[in-house]
Number of protein chains: 2
Amino acid sequence: MSDQDACSAGWCAGEEWCPVTCTADLLGRKWHPVVVHRLLVHDSLRFSELREEIGGVTGKVISDTLDDMEEKDLVERSVVDEKPVQVEYALSERGESLAPIIEAMDEWGRDHLVSVDAVETPSA
Amino acid sequence: MSDQDACSAGWCAGEEWCPVTCTADLLGRKWHPVVVHRLLVHDSLRFSELREEIGGVTGKVISDTLDDMEEKDLVERSVVDEKPVQVEYALSERGESLAPIIEAMDEWGRDHLVSVDAVETPSA
DNA sequence: CTGTATCCACAACGATACTG
DNA sequence: CAGTATCGTTGTGGATACAG
C-alpha cells in the first residue's frame with residue numbers, strides 16, 4: 001500500500017468507512033474491471049496484447065489504468081526483454097482476489113445485458 | 001430499457017461487447033454501489049434516510065445518482081405521502097439481481113481493506 | 001515495443017441557494 | 001421533506017505526437 005489509511009472514499013451506516021464505497025473507489029474506473037478480467041483469463045499479457053484485447057481504448061488510457069492499478073498493488077509489471085523492451089502484466093495476489101467481484105460482474109452482464117440480438121430471439 | 005442498444009461502453013477479446021465493461025459502466029460511479037448496498041440491507045429508504053445512511057455526500061449527488069439509477073431501472077421510486085412529500089426508494093428486480101456483485105465488493109472490502117486498526121490484530 | 005507529454009472535452013462531484 | 005438550479009473544480013477519458 002502506498003501511504004494513506006485504508007480508504008477515504010466515504011462511510012455509511014454510522015461506520016467509519018464503507019467497504020463497498022472503498023472497493024468501488026479502487027476499481028471504479030472505466031477500464032479497471034476489464035483489465036482484471038482479461039488478466040484473470042490470460043494470466044499474463046504484454047502491453048500491446050492488453051491493448052489489442054480491450055477495444056476502444058488508446059495506449060495512454062491503458063497506461064494510466066495500469067499505472068494506477070500497479071500503485072494499488074493490483075497488478076505486477078515485469079520486464080521480460082530489454083531489447084526491444086517487452087513487458088508483461090499479471091495480477092498480484094491482491095488483484096486475483098478480486099476474481100469473485102469481476103466474475104459476478106461478468107455473469108451479471110451476460111445475464112442482464114442484451115447483446116443486440118439476444119433479446120428478440122424467442123423460438124416461440 | 002430506454003432507447004439505446006445494450007451497451008456501447010466497450011468490447012474485448014474480439015467480442016462485440018464486453019459484459020464486464022458494460023456492467024462497470026452501469027454502476028461504475030462513485031455512489032451507485034453503496035446505494036444498492038444500503039437498499040439491499042434496508043429494503044427501502046426515504047430520500048433523507050439514504051442521505052443520512054451514506055456519509056460525505058450532498059443531496060444533489062444522491063439525487064443525481066438515484067435519477068440515473070431509476071433511468072437504468074435499478075431502483076424504483078414511490079411517493080408515500082403527499083403532504084409533506086415523502087418518497088421511498090427500493091431496488092427493482094434488476095437492482096436486486098446486482099446483489100452478488102455488491103456483496104462480493106462488500107466482502108472484499110472487509111477482507112482486503114484495512115480499517116485502520118484491523119491490520120495488526122492476528123490472534124496467532 | 002512501451003510508454004510519456006500535451007491538450008482538450010466532458011461528465012461527475014461538490015457547495016450553496018432556492019423551490020414545490 | 002424532497003428535490004432542482006447554478007456554478008465551479010476536478011478527474012477521467014480520448015487524440016495525437018513524441019521518446020527511451
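Chain naming here is simple, since letters A, B, ... match the order of the sequence lines and numbering starts at 1 in each. Computed from a predicted structure; not experimentally measured.
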State the [atom1]-[atom2] distance between [X] and [Y], to the nearest 0.5 angstrom.
X: B:L66; Y: B:H32; atom1: CG; atom2: NE2; result: 9.0 Å
X: B:I62; Y: B:I54; atom1: CD1; atom2: CD1; result: 4.0 Å
X: A:M105; Y: B:I102; atom1: CE; atom2: CD1; result: 9.0 Å
X: B:E70; Y: B:S63; atom1: CD; atom2: OG; result: 10.0 Å
X: B:C18; Y: A:R110; atom1: SG; atom2: CZ; result: 8.0 Å
X: A:K72; Y: A:D67; atom1: NZ; atom2: CG; result: 11.0 Å

| task | Considering just the side-chain nitrogens and oxygens of A:Y89, establish if one lies under 4.0 Å of OP1 or OP2 belonging to C:dC1. | result | no

| Heavy-atom contacts under 4.0 Å between residues 39-49 of chain A and DNA chain D, which residues? | none

| task | Return the value, rounded to whole Å, for the distance between atom CD of A:E70 and atom C1' of C:dG3. | result | 12 Å

| request: Using chain B heavy atoms and a threshold of under 4.0 Å, write down where along DNA chain D the contacts begin and end, 5' to 3'. | output: D:dC1 to D:dT6

| request: Indicate, with a heavy-atom threshold strictly under 4.0 Å, whether B:R51 touches base, sugar-phosphate, or nothing. | output: nothing

| request: Taking atom CD of B:E16 as the centre, report whether more than 12 heavy atoms of other residues, nucleotides or ligands fall under 6.0 Å from it. | output: no

| message | Counting only heavy atoms from other residues, nucleotides and ligands, does the tally under 6.0 Å from CD of B:E107 exceed 12? | response |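 No, not enclosed.
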
| query | So A:W108 and B:L26, side-chain contact (heavy atoms from CB on, under 4.5 Å) or not? Walk me through it. | reply | CA-CA 11 Å; A:W108 193 90; B:L26 211 63; 3.4 Å; yes

| field | Side-chain donor/acceptor of A:T21 to backbone N/O of A:A9, under 3.5 Å | value | no

| query | Are the side chain of A:T23 and the backbone N or O of A:P19 linked by a donor-acceptor pair below 3.5 Å? | reply |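 Yes; at least one donor-acceptor contact below 3.5 Å.
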
| request: Sort and list the pairs that fulfil salt bridge (charged side-chain N to carboxylate O under 4.0 Å, His left out) and have at least one residue in residues 78-90 of chain A, not counting sequence neighbours. | output: none

| query | Is there any salt bridge (charged side-chain N to carboxylate O under 4.0 Å, His left out) pair reaching into residues 22-43 of chain A, and which pairs are they, with sequence neighbours excluded? | reply | A:R38-A:E53

| note | The bend of the helix from C:dC1-D:dG20 to C:dG20-D:dC1, taken between the axes of its five terminal pairs at each end and rounded to 10°, is 50°

| What is the per-nucleotide protein-contact pattern of nucleotides 7-20 of chain C, from the 5' end, where B denotes a base atom under 4.0 Å from a protein heavy atom, S denotes such proximity for sugar-phosphate atoms only, and - denotes neither? | -----SBBB----B

